[in-house]
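Heavy atoms only: backbone and side chains are in, while hydrogens, waters and symmetry mates are out. Labels below follow one simple rule: chain letters A, B, ... track the order of the sequence lines, proteins then strands, and each chain is numbered from 1.
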Amino acid sequence: MLDIRFIRENPDLIKKAATAKRIEVDVDQLLSVDNHWRSATTEVERLKADQNAASKSIAKLAGDEKKAAIARMGEIKNRVKELGENVAELEKQRDALLLLVPQPADPEVPEGPDDTGNVEVKRWGEPRKFDFQPLDHQALGESLGIIDVERGAKLAGSRSYFLVGDGARLEWAVLMFAFNLIRERGFTPMIVPLLVRDEAMVGTGYFPGGEEQAYRVEKDAVNLVGTAEVSLTAYHMGETLAEADLPRLTAALSPCFRREAGTYGKDTRGIYRIHQFNKVEQVVVCRNDVEESKRWHLKILENSEAVMQAMNLPYRVVNVCTGDLGRGQAAKFDIETWMPGRNGYGETHSASRFYEFQARRLNLRYRDAQGNVKFCHTLNNTVIASPRVLIPILENYQNADGTVTIPTALRPYMGGQERIEKRK
RNA sequence: GGAGGGAUGGCCGAGCGGCUGAAGGCGACGGUCUUGAAAACCGUUAGGGCCCUCACGGGUUCUCGGGGGUUCGAAUCCCCCUCCCUCCGCCA
């Protein structure tokens with residue numbers, strides 16, 4: 001959410017920013033409703049001031065004089081009520097529109113229509129040259145007996161899967177490796193609620209707009225999170241922190257749930273795009289300082305690069321273009337990892353910075369050294385998301401005999417095991 | 001799931017229809033005192049919105065868990081919701 005005052009003063013900037021992001025928003029409608037709301041507010045408040053003053057004087061009166069004064073108040077009361085309802089209605093309309101206004105992309109974000117406009121900014125590692133015909137993760141997983149998509153679909157529908165034996169163990173290994181790494185880098189490990197109220201979804205910017213992507217438990221009016229970002233970022237929702245408490249660095253290991261509505265037929269092979277996965281997520285809540293936000297953005301990107309480097313997986317970093325940014329993101333870097341089965345890079349991480357966008361919605365603030373209350377800045381990035389990351393691991397580490405070598409960084413989490421062989 | 005009790009400012013805690021945006025205490029900050037500090041004393045100490053102002057600041061309104069209602073007037077009365085506590089039941 002943006003400051004309405006900023007929007008009032010810079011409507012054209014907001015319109016341009018929305019166009020660049022390919023997000024439809026009626027700024028003129030918002031400002032018109034806002035204008036009506038402001039004049040109506042001024043009017044009601046004038047009336048209420050009269051009312052409050054009269055009430056005070058009534059307290060001092062007695063007898064007939066008091067009765068007469070009270071009788072006179074009836075009319076003003078009705079007008080206040082009527083106008084007050086109007087103000088409340090306008091405010092509701094305004095707030096609904098305000099939630100749709102996007103955070104403008106930062107100047108260094110490339111302009112572009114969709115992910116084809118993303119700009120590669122870094123490349124690490126060399127894609128492996130195979131001297132045999134490599135398999136993709138699906139074929140590998142099937143032949144090794146560690147990924148079972150067919151049975152997943154049987155009882156849970158498409159985009160569901162089982163990990164079996166060393167597949168399940170590899171998943172836990174990669175998650176624990178990442179969870180430990182991020183802890184060593186100063187992030188407090190957390191286990192978080194996965195079913196959250198609408199407040200948390202709205203606060204982090206997923207609602208309104210993302211309702212179709214979330215599983216909802218209607219009976220209890222809660223939603224399954226698509227990422228622990230929601231719970232971690234909303235952790236201090238409604239609080240005013242002390243500046244000394246910032247930055248807050250947290251990380252969670254959690255299941256994530258996504259309906260993937262509107263993606264029928266896309267990425268249907270294997271476990272690339274699925275309804276349920278596990279992820280270690282890192283979240284930063286810092287002071288209201290653009291330069292500091294940018295520094296943290298690079299830091300959380302580096303944290304995740306360290307994970308991929310430790311596993312020696314080739315990847316590239318892309319600066320996500322305007323058209324591919326979400327409503328709240330000022331800038332985003334994706335890490336795309338080399339996946340031989342796709343003969344290309346596939347997204348494995350997404351590092352976002354929001355400035356105040358989420359903090360305003362969450363009413364997440366801090367008191368600075370001068371005693372001023374300000375909105376925090378928030379950022380987040382994937383540390384590891386699995387089983388998607390099993391794709392590059394299996395595909396890059398496969399051997400001619402059909403086995404898969406386990407990356408050395410993960411072996412301590414698999415009892416020292418060095419390779420995955422066909423399950424007996 | 002059933003029966004009760006509760007939610008007040010940074011914290012503790014009083015108030016239980018008008019004199020209360022809120023006593024008192026603690027904490028924090030500023031000052032007096034002191035070579036310095038402590039103690040003592042004095043003072044300051046919530047947030048949001050709207051209007052005026054270049055600004056300093058001023059006016060006004062809202063906020064005592066959240067929403068609605070009663071009333072000329074609500075922290076105080078009524079209803080709904082959320083959360084916390086106690087007891088009973090069920091259960092990983």
Open item on the list: Show, in sequence, the C-alpha distance, side-chain angles and deciding distance for A:R258 and A:E260, and conclude whether the salt bridge (charged side-chain N to carboxylate O under 4.0 Å, His left out) test is met.
Closed with: CA-CA 5 Å; A:R258 301 187 181 181; A:E260 297 295 349; 5.3 Å; no

TODO: Let me know the distance between CD of A:E9 and P of B:rC54, rounded to the nearest Å.
DONE: 14 Å

Open item on the list: What is the distance, to the nearest angstrom, from the CD atom on A:E199 to the P atom on B:rC83?
Closed with: 11 Å

[N] and [M]: how far apart are their [atom1] atoms, nearest whole angstrom?
N: B:rA7; M: B:rU76; atom1: C1'; result: 15 Å
N: B:rA23; M: B:rA75; atom1: P; result: 14 Å
N: B:rG59; M: B:rC16; atom1: P; result: 31 Å
N: B:rC64; M: B:rG58; atom1: P; result: 24 Å
N: B:rG24; M: B:rG18; atom1: C1'; result: 23 Å
N: B:rG25; M: B:rC88; atom1: C1'; result: 39 Å
N: B:rG48; M: B:rU34; atom1: C1'; result: 43 Å
N: B:rG5; M: B:rG10; atom1: P; result: 29 Å

Open item on the list: By the definition side chain to side chain donor-acceptor pair (under 3.5 Å), identify the one residue from A:T268, A:D267, A:T263 that meets it with A:R273.
Closed with: A:D267

Return the nucleotide paired to [N]: Watson-Crick means purine N1 to pyrimidine N3 with N6-O4 or O6-N4, wobble means G-U with N1-O2 and O6-N3, both under 3.5 Å.
N: B:rC41; result: B:rG31
N: B:rC72; result: B:rG18
N: B:rA3; result: B:rU86
N: B:rA55; result: none

Open item on the list: Would you say the rings of A:F333 and A:H297 are close, in the sense that their centroids are separated by under 6.0 Å?
Closed with: yes

With a 3.5 Å distance limit and no angle check, can you tell me whether [X] reaches the backbone of [Y] through a side-chain donor-acceptor pair?
X: A:T348; Y: A:I335; result: yes
X: A:Q282; Y: A:T250; result: no
X: A:R22; Y: A:G112; result: yes

Task: A:F357, A:W296, A:Y355, A:F354 screened by ring-ring contact (aromatic ring centres under 6.0 Å, His included) with A:H377, the one that passes - done: A:Y355

Open item on the list: Under 3.5 Å, is there a donor on one side chain and an acceptor on the other for A:Y315 and A:E336?
Closed with: no

Task: Residues A:R169 and A:Q417: side-chain donor-acceptor under 3.5 angstrom - done: yes

Open item on the list: Within the 4.0 Å limit for protein heavy atoms, which parts of nucleotides 68-82 of chain B are touched? Write it as a string from 5' to 3', B for base, S for sugar-phosphate only, - for none.
Closed with: ---BBS--------S

Nucleotide N/O to protein N/O under 3.5 Å, stretch nucleotides 47-53 of chain B:
| residue | atom | partner | partner atom | Å |
| --- | --- | --- | --- | --- |
| B:rG47 | OP1 | A:R367 | NH1 | 3.3 |
| B:rG47 | O3' | A:R365 | NH1 | 3.3 |
| B:rG47 | O2' | A:R365 | NH1 | 3.4 |
| B:rG49 | OP1 | A:R5 | NH2 | 3.1 |
| B:rG49 | N2 | A:E45 | OE1 | 2.4 |
| B:rG49 | N2 | A:E45 | OE2 | 2.2 |
| B:rC50 | OP1 | A:R8 | NH1 | 3.1 |
| B:rC50 | OP1 | A:R8 | NH2 | 2.8 |
| B:rC50 | O2' | A:T42 | OG1 | 3.0 |
| B:rC51 | OP1 | A:R38 | NH1 | 2.8 |

